[in-house]
Amino acid sequence: MNRTARIIGLGHHVPARRVENAEIEANFGMEAGWIERRTGIRSRFWAEPGDTLSGLATEAGDMALKAAGIDRRDVGLLLLATSTPDHLLPPSAPLVAHKLGLERAGGVDLAGACAGFLYAMSFADGFVRLHGKPAIIIAANLLSRRIHPTERASAVLFADAAGAVVLAPSDDPGHGILGASFASDGSAYGLIQIPAGGSNRPFAEETDILETRMTIANGRDVFARAVEMMRGCSLEALEAAGLSASDIARFVPHQANARIFDAVGKSLGIDDARIVKTIADYGNSSAATIPLSLSVAHNADPFRRHEKLLLAAAGAGLTGGALVVGF
């Protein structure tokens with residue numbers, strides 16, 4: 001039997017605090033409407049002081065597991081795609097697995113920036129196919145705590161959210177990942193980064209707190225490289241699946257900036273009506289945007305059996321990829 005991995009549960013969660021553009025525009029002295037015109041974002045959600053990454057991830061995971069309707073003791077693996085774990089050590093995934101009651105699941109964090117969910121989805125798909133056990137992928141970030149207070153580029157984009165997907169074994173070849181492509185470009189390593197806090201520049205008494213915040217060196221370069229990486233990986237994933245863009249029912253891109261995914265969709269020949277967009281209400285939560293978008297879209301208009309989805313992302317590193325998925 002050629003086992004596949006079927007999506008059986010979706011979930012998402014955001015903090016309670018909703019932040020409208022007017023608040024950020026006032027802080028930076030920008031004219032009203034500037035953020036939405038440049039990014040497509042109208043609002044985003046930011047964590048309150050008591051919120052934690054593991055808490056956000058647990059809420060999204062619980063929603064997905066309830067939708068899946070499976071015994072949690074059967075889940076064999078939890079993958080947590082995040083750039084903002086509760087602590088640098090230990091990883092947050094074991095804590096999330098514990099909170100979710102996953103008594104027999106392995107758990108590990110994956111730091112793949114904005115493309116982290118795609119990598120985690122691919123790894124989990126392979127685990128389910130090989131072992132015949134369900135797996136859960138959660139992508140979550142608290143990027144509001146990494147915003148550089150004097151840098152407009154990060155302040156207008158970043159948000160907090162979590163999204164989750166549960167995969168289960170299936171004998172239907174129409175389910176799961178049908179085609180995949182991944183890419184990286186280390187020549188652009190410094191375009192998006194947090195300068196201090198890693199082993200290269202560890203925390204020290206003299207470390208400026210601003211050196212521990214996100215910075216975007218060249219927004220135009222990021223835009224051009226992201227579009228090209230997402231486009232190239234999407235074409236390769238479609239070719240691997242033996243499909244064309246016309247076969248795709250819905251394109252679910254990373255919600256980095258509306259201009260980026262609109263450009264990618266146009267270059268692939270995917271009309272606007274087939275692009276899932278959540279950026280206006282939720283902003284950019286890095287790896288969490290794709291699973292959040294899947295959950296929101298499914299709630300609004302449920303995915304149909306064997307519906308073909310194209311997922312694509314690119315982010316810091318640079319690292320990116322695309323998956324063609326059969327629902």
Side-chain angles (χ1 to χ4, degrees), residues 5-14 18 39-45 56-57 59-69 81 114-118 120-121 124-125 136-141 159-168 174-178 230 234 237-238 241 243 245-258 260-262 264-266 268 270-313 321-327:
R6 178 188 177 192
I7 295 174
I8 62 168
L10 295 166
H12 67 281
H13 188 74
V14 294
R18 186 185 185 99
T39 68
I41 299 170
R42 291 195 294 265
S43 63
R44 75 285 291 144
F45 293 86
L56 205 67
E59 292 288 347
D62 187 61
M63 179 179 174
L65 287 164
K66 287 177 177 175
C114 299
F117 171 76
L118 298 183
M121 181 80 169
D125 182 273
I136 180 169
I137 310 105
I138 306 175
N141 279 297
D160 304 336
V165 173
V166 177
L167 298 180
H175 293 311
I177 295 176
L178 307 177
M230 290 171 67
S234 294
L238 285 166
L243 300 171
S246 62
D247 297 310
I248 298 301
R250 284 183 251 190
F251 174 39
V252 188
H254 166 47
Q255 308 286 301
N257 181 312
I260 290 177
F261 58 70
D262 283 345
V264 175
K266 184 177 181 180
L268 294 173
I270 297 176
D271 55 273
D272 193 68
R274 288 187 287 157
I275 302 178
V276 174
K277 302 180 182 182
T278 58
I279 194 169
D281 296 322
Y282 294 96
N284 177 357
S285 54
S286 187
T289 69
I290 291 179
L292 177 143
S293 295
L294 287 169
S295 181
V296 170
H298 185 62
N299 287 346
D301 180 15
F303 296 114
R304 295 169 294 282
R305 183 170 178 267
H306 291 173
E307 183 172 337
K308 304 298 189 298
L309 310 176
L310 174 63
L311 320 179
L323 301 177
V324 176
V325 177
F327 194 82

Original post:
Which heavy-atom pair separates Ser43 from Arg18 by the least distance, and what is that distance?
Top reply: OG-NH2, 2.9 Å
**OP:** List for me each residue that meets side-chain contact (heavy atoms from CB on, under 4.5 Å) alongside Ala287, sequence neighbours excluded, and say none if there are none.
**Re:** Ala81, Ala139, Asn141
Subject >> Contact summary for Arg250 and Ala297, nearest pair of heavy atoms >> reply: NH1-O, 3.9 Å
**OP:** Write down the atom of Arg44, the atom of Ala159, and the distance for their closest heavy-atom approach.
**Re:** CB-CB, 3.6 Å
Subject >> Pairs flagged by salt bridge (Lys or Arg N to Asp or Glu O under 4.0 Å) wherever residues 284-293 is involved - sequence neighbours left out >> reply: none
Original post:
Are any non-hydrogen side-chain atoms of Leu56 and Phe45 less than 4.5 angstrom apart?
Top reply: no
Original post:
Can you name the closest pair of heavy atoms from Gly176 and Asp125 and give their distance?
Top reply: CA-OD2, 4.0 Å
**OP:** Go through the structure and list residues passing side-chain hydrogen bond (donor to acceptor under 3.5 Å, both in side chains) with Asn284, not counting sequence neighbours.
**Re:** none
Original post:
With a 4.5 Å limit on heavy-atom distance, are the side chains of Ile248 and Leu238 in contact?
Top reply: yes
Subject >> Candidates Ser285, Ser295, Ser293 - the one meeting side-chain hydrogen bond (donor to acceptor under 3.5 Å, both in side chains) with Thr278 >> reply: Ser293
Original post:
Going by the angle between their ring planes, with limits at 30° and 60°, are His298 and Phe303 parallel, tilted or perpendicular?
Top reply: parallel
Original post:
Under 4.5 Å between any side-chain heavy atoms of Leu311 and Leu294, yes or no?
Top reply: yes
**OP:** Report the residues that fulfil side-chain contact (heavy atoms from CB on, under 4.5 Å) with Asp262, sequence neighbours left out, ordered by chain and then residue number.
**Re:** Ala258, Asp272, Ile275, Lys277
Original post:
What closest approach, in Å, do Ala313 and Ile290 show between heavy atoms, and which atom pair accounts for it?
Top reply: CB-CD1, 4.1 Å
Subject >> Residues in side-chain hydrogen bond (donor to acceptor under 3.5 Å, both in side chains) contact with Arg274, at least two apart in sequence or another chain >> reply: Asp271
Original post:
Is Ile137 close to Phe117 at the side-chain level, that is, under 4.5 Å between some pair of heavy atoms?
Top reply: yes
Subject >> Partner set under side-chain contact (heavy atoms from CB on, under 4.5 Å) for Ala67, not counting sequence neighbours >> reply: none
Original post:
Shortest non-hydrogen contact from Ile279 to Gly40?
Top reply: CG2-O, 3.9 Å
